[in-house]
Protein chains: 2
Amino acid sequence: MSTVSLSDQALRRPRRLVLAGMEGCTNCAACEVRGHGVCSALADKELERLSRAAVKVTVPAGHVFIEEGSAAHDFFNVTGGTVKLFKSLPDGRRQITGFVGVGHFLGLAVSDHYAFGAESVEQVQLCRFSRTKLETLMEEFPSIERRLLAEAANELVAAQDQMLLLGRKTAHERVASFLCGRLVEKYGECMPPAADIFLPMTRADIADFLGLTVETVSRTFSRLRREHLIGAGAGQDIHIPSVSRLEAIGSGDG
Amino acid sequence: MSTVSLSDQALRRPRRLVLAGMEGCTNCAACEVRGHGVCSALADKELERLSRAAVKVTVPAGHVFIEEGSAAHDFFNVTGGTVKLFKSLPDGRRQITGFVGVGHFLGLAVSDHYAFGAESVEQVQLCRFSRTKLETLMEEFPSIERRLLAEAANELVAAQDQMLLLGRKTAHERVASFLCGRLVEKYGECMPPAADIFLPMTRADIADFLGLTVETVSRTFSRLRREHLIGAGAGQDIHIPSVSRLEAIGSGDG
DNA sequence: TCGGGACAATGATATAAATCAAGAAATTAT
DNA sequence: ATAATTTCTTGATTTATATCATTGTCCCGA
C-alpha cells in the first residue's frame with residue numbers, strides 16, 4: 001500500500017459540484033476509511049495511479065515553495081496546513097489571492113510559468129505531481145479532469161466574491177467577510193449560531209488579502225471587538241458570538 | 001464566468017492552454033467561419049452535436065440576461081458582442097468582475113443558482129445550451145470538458161490579476177492596466193508598438209470594473225491624456241502612442 | 001435645426017484609509 | 001529567566017480617492 005495519499009478532503013471539497021455525475025463525496029465515510037482522500041467519484045484503479053504518481057512533501061512554515069513566474073513543472077494537492085497564494089508588484093506591494101487549506105489543488109497554470117507565488121503559512125504537507133504526468137493521467141481517466149473543473153469553478157466563484165470585496169467593500173465589511181470566509185472553511189454548510197475560529201495567518205497577511213494595511217486591519221478588529229461582533233480575547237483565536245450578525249456586516253447589510 | 005480584465009501579466013493570456021491537446025482557438029478564423037464560436041479544439045462531430053444542442057439568441061444592448069442569484073438553467077457561449085458580468089451589494093454598490101467577448105463560455109456555476117449577473121454592453125449574440133444537455137454532451141465528449149477546464153484556468157489567472165489591481169494598484173495604474181487588457185483582447189500576443197482601441201463600455205462600467213468612481217476614471221483619462229500616454233481624441237476611441245509605456249504604468253513599473 | 005437626456009469632464013470639499021510614529025504584547029533566542 | 005525580535009495595537013497626521021456640484025458634449029428623435 002502506497003504511503004502517499006491525497007488529502008481526505010481533496011475530493012470532497014466543493015459541497016455541490018458543477019455538473020451532474022460529480023456528486024461524489026462531500027465528506028463520505030468511504031474516503032475516510034480508505035485513507036487516501038480521493039473520493040468515490042474516482043474509481044479505485046484511478047486512485048492507485050494518482051497515488052503512485054505523487055510525491056509527498058513537507059514544507060516548514062514561512063517558505064515560498066512556488067516562486068512567482070517560475071517554470072510550472074508541478075501540480076500540488078494540499079494534504080496538511082494552510083498555504084497563501086500571492087501576486088506582487090515590482091515595488092513590493094503584494095496581494096494575497098487566497099488562503100488554501102487541506103484538499104485544494106494548486107498549480108493549474110495557464111502557461112508554462114506559474115502566474116502566482118505560494119508560501120506556507122504553517123507547516124504544510126503537499127502531494128506533488130509532475131504536470132506532464134497529470135496530463136497523461138487525465139487522458140486516461142477523465143474523472144480527474146471533471147474533478148479539476150469543479151475545483152476551478154469553485155475558485156472562480158470565490159475569486160468573484162473577492163473582487164466585490166476588494167473593489168467595493170469598506171474595511172469593516174472586508175474584515176467581517178474574511179471572518180465569515182474562515183467560518184465557511186471550517187463549518188461548510190452547517191453554520192452554528194456562534195463559533196470560534198483560529199487564524200493561522202498574521203495581521204499582515206490578512207491585510208494583503210483584504211487590500212488594506214496592517215494598521216487598518218488591527219483597528220478594524222478593535223472596532224469589531226468594541227461592537228461585540230467578536231469576543232474580547234485578542235490574538236489568533238477569535239470568538240464570534242453571533243455569526244449571522246457578522247454575515248450581515250460582511251455582505252453589506254450592516 | 002468572468003474573463004477579461006487582463007492586466008499587465010495577463011498579457012501572456014490564453015494562447016497556450018493549461019494542458020496538452022488544448023491549444024485551440026480563442027478567436028480562430030475557423031470559428032468565425034463556422035459561426036458557432038466553439039473552437040477548433042473540438043472535433044467536428046462534437047461541434048455538430050454542440051451546435052444542434054444550442055439555441056442562438058440575440059440580446060439588445062443594455063439587457064440583463066442573467067439575473068444575479070436566479071436559477072442556473074443555461075450555459076452560454078458568446079458569439080458576438082461584449083457582455084459584462086457583475087456582482088452587487090444590497091445598497092447598489094456594484095463590481096463588474098469581467099467583460100467577456102466572442103468565444104467565451106459563461107454560466108459555469110457551482111450551484112444551481114448563478115453567482116453573478118450578466119448584461120449586454122452592446123448587442124450580443126449568444127448560443128444557449130441547457131446545462132443538463134451540456135452535461136450529457138460532456139459525458140459523451142470529454143474534449144468539451146477539457147475545453148471548459150482551459151477556459152476556467154484562464155479566467156482564474158485573469159481573476160488573480162484583477163485582485164492585484166483592485167487590492168493594490170493606484171487609479172492611474174488601474175486605468176493603464178485596463179487599457180492594456182483591452183489591447184490584449186484585441187491583439188493577443190503580437191502587440192504592436194502603438195495602437196487604437198474602441199471601448200464599447202461607459203465610464204461608469206469602467207469605474208465599476210476598476211473599483212473606482214466615474215469621476216476618478218474621467219480624471220485619470222484626462223491625466224493620461226495630459227501625459228501623452230493616450231491620444232487627445234476623447235470618447236470611446238482611444239489612441240495609444242506607446243503600448244510599452246502604458247504597460248509599464250499598468251504593471252507598477254511607472 | 002432644435003431640444004432633451006444621457007454621458008463625460010472638471011472643480012471644490014469631505015473622508016476613509018494610508019502613512020508616520022511610538023509603545024505594548026507576544027514570540028523566539030540566548 | 002532575560003534579552004532580542006517580531007507582531008500587534010493605538011494615536012496623530014496626511015493623502016488619494018469619494019462625494020457633491022456644475023458645466024460641457026454628444027446623440028437621437030421630433
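All values reported here derive from a predicted model rather than from experimental measurement. Below, read A as the first sequence line, B as the second, and so on, with proteins coming before strands; counting in each chain starts at 1. When reading the values below, keep in mind they use all heavy atoms of this one structure, side chains included, and skip hydrogens, waters and symmetry mates.
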Quick one: [X] [atom1] to [N] [atom2], roughly how many Å, whole number?
X: A/Q236; N: D/dT7; atom1: CD; atom2: P; answer: 11 Å
X: A/M201; N: D/dT6; atom1: CE; atom2: P; answer: 21 Å
X: B/H172; N: D/dT15; atom1: NE2; atom2: P; answer: 19 Å
X: B/L210; N: D/dT17; atom1: CG; atom2: C1'; answer: 14 Å
X: A/I238; N: D/dC8; atom1: CD1; atom2: C1'; answer: 12 Å
X: A/R223; N: D/dG11; atom1: CZ; atom2: P; answer: 15 Å
X: A/L199; N: D/dC8; atom1: CG; atom2: C1'; answer: 14 Å
X: A/L212; N: D/dT15; atom1: CG; atom2: P; answer: 20 Å

(message) Under 6.0 Å from the ring centre and within 45 degrees of the ring axis: does the NZ or CZ of A/R128 meet both conditions for the six-membered ring of A/F75?
(response) no
(request) Determine yes or no for a side-chain-to-main-chain donor-acceptor pair under 3.5 angstrom, with A/R203 supplying the side chain and A/S218 the backbone. (result) no
(message) I'd like to know if the side chain of A/Q162 reaches the main chain of A/F209, judged simply by a donor and an acceptor atom lying under 3.5 Å from each other, with no hydrogens or angles considered.
(response) yes
Would you mind classifying the nucleic acid contact of [X] as base, sugar-phosphate or nothing, using non-hydrogen atoms under 4.0 angstrom?
X: B/T213; value: base
X: B/T202; value: sugar-phosphate
X: A/G62; value: nothing

(request) Compute the angle between the rotation axes at the two ends of the helix from C/dT1-D/dA30 to C/dT30-D/dA1, each taken over five pairs, rounded to 10 degrees. (result) 50°
Does this structure show an ion pair linking [X] with [Y], if we count only N-O contacts that are shorter than 4.0 Å?
X: A/R219; Y: A/E215; answer: no
X: B/E173; Y: A/R93; answer: yes
X: A/K84; Y: A/D208; answer: no

(request) With a 4.0 angstrom cut-off to heavy atoms of chain B, pull out the first and last contacting nucleotide of DNA chain C, in 5'-to-3' order. (result) C/dA8 to C/dA12
(request) Please figure out whether A/R225 or A/R168 has its closest DNA chain D nucleotide nearer the 5' end. (result) A/R225
(request) Ignoring backbone atoms, establish whether B/R219 has a side-chain N or O less than 4.0 Å from OP1 or OP2 of D/dT17. (result) no
(request) Starting from the 5' end of DNA chain C, give me the residue, B/S222 or A/G211, whose nearest nucleotide shows up first. (result) B/S222
Table of protein N/O atoms under 3.5 Å from nucleotides 21-27 of chain D N/O atoms:
none

Are side-chain N/O atoms of [X] and [Y] paired as donor and acceptor at under 3.5 Å?
X: A/K169; Y: A/S177; value: yes
X: A/Q123; Y: A/T58; value: no
X: A/E67; Y: A/H113; value: no
X: B/E151; Y: B/H104; value: yes

(message) For B/F129 together with B/F76, are the ring centres under 6.0 Å from each other?
(response) no
(request) Please round to the nearest 0.5 Å and tell me the distance separating atom CD of B/E68 and atom OH of B/Y114. (result) 13.5 Å
